[in-house]
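First up is the structure itself, then whatever we jot down about it.
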Amino acid sequence: MTIDSQLTHAVLRVPPLIHFGWGSAASVPGIVSGLGRRVLVCSDMNLIGQPDFALLHTTLVAAGCQVEIYSEGRPELPLSTIDAAVAAASRATPDVILGYGGGSSIDLAKIVALLLTHPGPVSRYYGENKVPGPLLPVVAVPTTAGTGSEVTPVAVVADPEREFKVGVSSPWLIPAAAVVDPALTRGCPTRVRAHSGADALAHSLEALTAGHRTPTWTVDLPVFVGSQRLGNSLALEAAASIGPNLRRVVADAANEPALTAMSYGSLCAGMAFGTSGTHLGHALQYSIGAATHTSHGLGVGLLLPYVLEATRPVCDDRLAQAAAAWGIEGPDPAGQVIDEVVAILAGAGIPRTLADIGLERRELPRLAEQAARFERLVANAPILADDEVLLAILHAAWSGDRPLARRR
Ligand SMILES: NC(=O)c1ccc[n+]([C@@H]2O[C@H](COP(=O)([O-])OP(=O)(O)OC[C@H]3O[C@@H](n4cnc5c(N)ncnc54)[C@H](O)[C@@H]3O)[C@@H](O)[C@H]2O)c1
Ligand SMILES: [Fe+2]
């Protein structure tokens, strides 16, 4: 695998401790008790009822921890959940927060840690670099292979006063430790497995194709710095691991090597996009998700081939690196790698077009205008993406005619 030697800078912000491996959840009690005795678990009912959690709970108590459990977490993290969790947390006065679950539970743990350390409401921290300093430590233990939230500086919130989901992005949100045990993903429902896996694939390939920007070297770099050498290296490692395995874990939830590869790929993709950032697929998904009530992973997965097609004028060399990571050889590696992305997503049951998820063609201009408001994401693209470019991608994604994404 060759990394672009033209890239002369690199930035990486990750948790100080990352454990990855089948059975690594056994290390959680030692890590947590090293950070404090009073522990608040942020999770949801589906996970709390499973034997894996019962075992973790028992071993936490055996390690001398006093454990409170907030189990009312909800997918996509509504604000009401945050208020209830913070109220429970204020009573428990924890030393450490354990986020156990999918991206929604880990994001909840991050926001609870934020609001126990700094004054609310959470809306004052929406956007980039608004968090003033360190938080209560968060230990993140994912049970999906997808969001990478266990290593990222982001938490995504659904605020009923806002038309779209909003993000809090700050390096202070990066967990103190991430323990990624693929065994915990065994119970994950097939749909969640497919959608969160598509999200991880989008993280790796959007991070790889993000715009190149030479940083101004200050402490306050933007949270997402664009494509850079360590990010690209991790993005390719992620793509290599996710590419052949997403279909396998959707077809067979008991395929341990494939589950392991997906968790590893998701972790690497989180480290890549947590510093490099994502771009157009994520911007467009905000408006499409709000219009169709489809999940984040489904939206960014569906859009990915069309977004990659739009980036081809400047990203063919990087897409060729992804082709090499997948063992693809041929005259048009960039085109072939996008064909492979289409096949991977089809194999995971991700719809192919925006028409397939019920959007009307006449809605597209409004959706393009809305996506343009996510300026941070749009500006992280490798191409200048004005409304016309965003609309071209949407037309391509609506009709399934990929080359349309490059015609404007
Ligand atoms: N912070 C970040 O960097 C980041 C990145 C991408 C997405 N996100 C956010 O993450 C959220 C999506 O997270 P997700 O895709 O991991 O799903 P999720 O956390 O929303 O969970 C979806 C459902 O799957 C269930 N589930 C998860 N793991 C399970 C398991 N092992 N066994 C049984 N049930 C299980 C949950 O109980 C829940 O009902 C969205 O809110 C998205 O915006 C955050
Ligand atoms: Fe994502």
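Model, not experiment: these values are computed from the prediction. Remember, it's 1-based here, ligands and their atoms both numbered in the order they're listed.
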Original post:
So what's near the Fe ion (ligand 2), protein N, O or S atoms under 2.8 Å?
Top reply: Asp199 OD1, His203 NE2, His282 NE2, His296 NE2
Original post:
Does a side-chain N-to-carboxylate-O contact under 4.0 Å join Glu72 and Arg74?
Top reply: yes
**OP:** Scan for side chain to side chain donor-acceptor pair (under 3.5 Å) pairs involving residues 178-193, sequence neighbours excluded, and state none if there are none.
**Re:** none
Original post:
Are the ring centres of Phe164 and Tyr286 closer than 6.0 Å?
Top reply: no
**OP:** Please answer whether the main-chain N or O of Val249 pairs with a side-chain N or O of Asn255 as donor and acceptor at a distance below 3.5 Å.
**Re:** no
Subject >> side chain to side chain donor-acceptor pair (under 3.5 Å) pairs, two or more places apart, involving residues 123-137 >> reply: Tyr126-Asp159
**OP:** For the pair Arg318 (side chain) and Ala210 (backbone), establish whether a donor and an acceptor sit closer than 3.5 Å, ignoring hydrogens and angles.
**Re:** yes
**OP:** Answer whether the closest heavy-atom distance between the side chains of Asp339 and Ile328 falls below 4.5 Å.
**Re:** no
Original post:
Between Glu363 and Arg366, is the closest basic N to carboxylate O distance under 4.0 Å?
Top reply: yes
**OP:** Taking atom CD of Glu68 as the centre, report whether more than 12 heavy atoms of other residues, nucleotides or ligands fall under 6.0 Å from it.
**Re:** no
**OP:** Return the protein residues near ligand 1 (heavy atom under 4.0 Å from any of its atoms), ordered by chain and residue number.
**Re:** Asp44, Asn46, Leu47, Gln50, Pro75, Glu76, Gly102, Gly103, Ser104, Asp107, Lys110, Thr143, Thr144, Thr147, Ser149, Thr152, Val154, Val156, Lys165, Leu184, Gly187, Cys188, Pro189, Val192, Ser196, Asp199, His203, Phe273, His296
